[in-house]
Amino acid sequence: MSEEVDRTGKDFIRQIIDGDLKSGKVKKIHTRFPPEPNGYLHIGHAKSICLNYGIAKEYGGKFNLRFDDTNPSKEEAEYVESIIEDVRWLGADWEDRLFYASDYFEQLYEWAEQLIKKGKAYVCDLSAEEIREYRGTLTEPGRESPYRNRSVEENLDLFRRMRAGEFPDGAKTLRAKIDMAAPNMNMRDPVMYRILHRKHHRTGNKWCIYPSYDWTHGQSDSIEGITHSLCTLEFEDHRPLYDWFLEQLGIYHPQQIEFARLNISHTVLSKRKLLQLVETGVVSGWDDPRMPTIAGLRRRGYTPEAIWDFCERIGVSKADSLVDIGLLEHCIRDDLNRRALRRMVVLRPLKVIIDNYPDDKVEWLDAVNNPEDESAGTRKIPFSKEVFIERSDFMENPPKKYFRLYPGNEVRLKHAYYITCTDVVKNERGEVVEVHCTYDPESRGGGTPDGRRVRGTLHFVSAKHGVPVEVRLYDTLFTVPDLSNLPEGKDFMDYLNPNSLEVIENALAEPSLSNVKPGEKFQFLRLGYFCVDKDTETLKKPVFNRTVTLKDTWAKIQRKLKKNGG
RNA sequence: UGGGGCGUAGCCAAAUGGCAAGGCAGCGGCCUUUGGAGCCGCCAUCUGGAGGUUCGAGUCCUCCCGCCCCAGCCA
């Protein structure tokens, strides 16, 4: 205790921050999340948001949301709106500090003139292709542009005329004058401004030259007084360039720290690939419940709490990783287990007729809403002579360890009665269409005075009370875990999972589910967690998305039996 | 073959020269009116490899191997 910094268990970034605080390098922590509005946010961005906002909160500091909107040809207002919504939904609070890099265009322009005056930047007439040729390769140094030694006066004049719109797109660029032989490619006279006669979503037609990301990012952080600029690994070798700009300008210097971006198995996390999925119609949109976007996860039924939990569990480091999607699923199960109300829904109904139950009798039985939370209370569920059970809960010739309904076996209908299978009715194709049972009136509520045990408990829906609902079952978007390392000639689109969506249009739900609102979440007993989809309003019937299944021990046993030749 | 990073269990990830945390997955068992949840136990004689320094090395040194990123007027 005392002067030792306790770093145990903290990620390396927090350890650095602890050190900076202790040494007095910084007094208050200030972080930011700097998205480019050219697509929807995904779970990888959530990692960054949780890191940046989490740190600001833990250290009593501040957190900014800033759009890095330096490229009007890719960016749209729709994206800034969705991003704002998603960051807010995740619970990160930027208070009154919502900024745009485009807010700094004028300042950036002035700074550019400053560099020109110092002889550290020049207007270059080389075309894009020529710049590439002059840049050299990874192993050979580049050559200096023939325009590199223009006078300050000429550069200033040309740059001002670039701004004034005298030149067409691509005719000229403003470049930093650094070192064409630098082993770090980023230092080989990088482009600071390009001519782009394009309308910007915020500045409109005010500008026809736009600053590059490299020329914008570090200074934006500097302007905002960001103490720790957290970004992903690919910007590590841009850091010397940012340092160079900041030093030439003589302005406040934030500390950049890089961490590894998130990868998750069986999905892709790159805006380019996600855009492709959207544009090719493989998914219904950025918020398709199969998408790893924040909007998709939200529609799928994920909660901000589960996403935060996930981001905390995966940790932060500099090692490339591929996190098992099972961990994400664990997090949402863990959260929903505690808070989701239980309901009964039968996906693929099989009729059960209880022969010794009175024809027109209906009983309303008590059912616990959530065994994990007594305060969730109870509800009434109807029971009658004819009920539906899950087709998979009956087998005429069951394998070993099958505890569900089969001829002669007694099972419990959850919250209701014990029933015993007495007969099976089949159609001409030999398919079971109806099962006959008898019930034990003594077992009302699910237990008997004699205390005898039944191994199986089934969910059910009373036939005459069942409410038709649509249920959408999702699986992973891709069939292989690692989409970053595919065989020669294969593309990630070659591994799309044809069964990533299965729609069940005629499931039957208990009556309490007849009136639900989009976003509401439930556990359907023995099936999984489900979330009411927004289509509920347009389709005029309840539509549920399966967020995640329950853990399925029986499926595991089946797999084992199969493997052992059972 | 230039530069910048990274290698700890099936997957993440701690460790800061003192006897390899934790989580997910997996495997046993208990319990159960959800084959859910919960509970208990097991799961690295070993840190990419080889040498070296040290009483002591995942941590320090040397060499080697492997993987990722950089040649946009994208971010």
Side-chain angles (χ1 to χ4, degrees), chain A residues 7-11 15 34-36 38 68 70-71 73-75 124 126-128 131-133 135-142 169-170 172-175 182-188 190-196 210 212-214 216-217 231-240 258 260 265 271-272 312-331 333-334 337-338 342 344 368 371-372 401-404 412-416 418 443 445-447 453-459 481 484-485 523-528 549-557:
Chain A
R7 19 163 97 108
T8 305
K10 287 194 178 182
D11 60 66
Q15 290 179 18
E36 183 195 11
N38 68 340
D68 273 343
T70 56
N71 186 355
S73 54
K74 287 189 178 177
E75 296 152 7
C124 183
L126 254 27
S127 69
I131 285 184
R132 193 188 323 126
E133 286 162 19
R135 186 153 32 223
T137 68
L138 295 178
T139 51
E140 302 157 28
D169 285 6
K172 290 179 174 12
T173 57
L174 182 73
R175 296 226 259 161
N184 181 344
M185 302 290 280
N186 297 118
M187 302 301 268
R188 320 242 264 225
V191 169
M192 294 164 62
Y193 276 90
R194 68 283 214 195
I195 300 173
L196 232 41
Y210 289 94
S212 66
Y213 173 85
D214 281 344
T216 307
H217 193 78
C231 64
T232 44
L233 252 27
E234 66 269 28
F235 295 105
E236 201 149 15
D237 34 331
H238 290 238
R239 180 155 34 94
E258 308 85 7
S265 71
K271 279 196 249 181
R272 196 208 104 227
E312 284 169 3
R313 286 175 190 248
I314 57 177
V316 181
S317 76
K318 297 188 73 160
D320 292 322
S321 66
L322 181 65
V323 177
D324 193 321
I325 197 164
L327 181 60
L328 218 209
E329 295 178 340
H330 168 82
C331 292
R333 281 193 191 102
D334 194 43
N337 174 50
R338 274 172 292 204
R342 272 58 169 174
M344 291 204 283
V368 167
E372 303 292 320
K401 294 187 181 173
Y402 186 83
F403 303 147
R404 284 112 98 144
R412 172 167 42 236
L413 292 179
K414 180 77 174 175
H415 304 306
Y418 290 4
S443 64
R453 306 188 88 79
V454 292
R455 292 298 298 269
T457 299
L458 275 39
H459 60 281
S484 70
N485 197 10
Q523 183 199 99
F524 291 174
L525 238 56
R526 303 208 303 136
L527 297 176
T549 61
L550 250 28
K551 285 214 281 186
D552 191 347
T553 305
W554 171 237
K556 203 185 287 180
I557 291 170

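A, B, ... follow the sequence lines: proteins, then strands. Residue 1 opens every chain.
In this model, the phosphate group of rA15(B) is not approached by any side-chain N or O of K10(A) to a distance below 4.0 Å at OP1 or OP2.
Residue K271(A) is classed as having no contact, given no heavy-atom separation below 4.0 Å to the nucleic acid. Across all strands, H217(A) comes closer than 4.0 Å to no nucleic acid atom at all (heavy-atom distances). When heavy atoms are screened at a 4.0 angstrom cut-off, L527(A) is found touching no nucleic acid atom at all.
Considering only residues two or more places apart in sequence or on other chains, E372(A) meets the salt bridge (Lys or Arg N to Asp or Glu O under 4.0 Å) condition with none of them. Looking at residues two or more places apart in sequence or on another chain, you find a salt bridge (Lys or Arg N to Asp or Glu O under 4.0 Å) between D68(A) and R66(A). With sequence neighbours excluded, the residues forming a ring pair (Phe, Tyr, Trp, His ring centres under 6.0 Å) with Y213(A) are H217(A), F235(A), listed by chain and number. K74(A) pairs by the side chain to side chain donor-acceptor pair (under 3.5 Å) definition with nothing, not counting sequence neighbours. With sequence neighbours excluded, the residues satisfying side chain to side chain donor-acceptor pair (under 3.5 Å) with R526(A) are D393(A), H459(A). S317(A) is linked by a side chain to side chain donor-acceptor pair (under 3.5 Å) to nothing, counting only residues two or more places apart in sequence or in another chain. Taking S73(A) as the reference, N71(A) meet the side chain to side chain donor-acceptor pair (under 3.5 Å) condition, with sequence neighbours excluded.
Here the separation of rG51(B) from rA15(B), taken at their P atoms, is 28 Å to the nearest Å. The P atoms of rG52(B) and rA57(B) are separated by 12 Å, rounded to the nearest whole Å. Comparing the P positions of rC24(B) and rC39(B) gives a spacing of 10 Å, expressed to the nearest Å.
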For each nucleotide in nucleotides 1-7 of chain B, reading 5' to 3', give B when a protein heavy atom comes within less than 4.0 Å of its base, S when such contact involves only the sugar-phosphate, and - otherwise.
SBBSSS-

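With respect to the salt-bridge test (charged N to carboxylate O, under 4.0 angstrom), the residues D334(A) and R338(A) qualify.
Protein atom CG of L525(A) is 12 Å distant from nucleotide atom C1' of rG35(B), rounded to whole Å. In this structure, F403(A) atom CZ and rG36(B) atom C1' are separated by 15 Å, rounded to whole Å.
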If a pair means Watson-Crick or G-U wobble with both distances below 3.5 Å, what does RNA chain B look like in dot-bracket form, with | marking bases paired to a different strand?
.((((((..(((.....[...))).(((((.......))))).....(((((..]....))))))))))).....

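Interface remark: the R313(A) side chain does not form any donor-acceptor pair with the rG22(B) base, using a distance-only criterion of under 3.5 Å.
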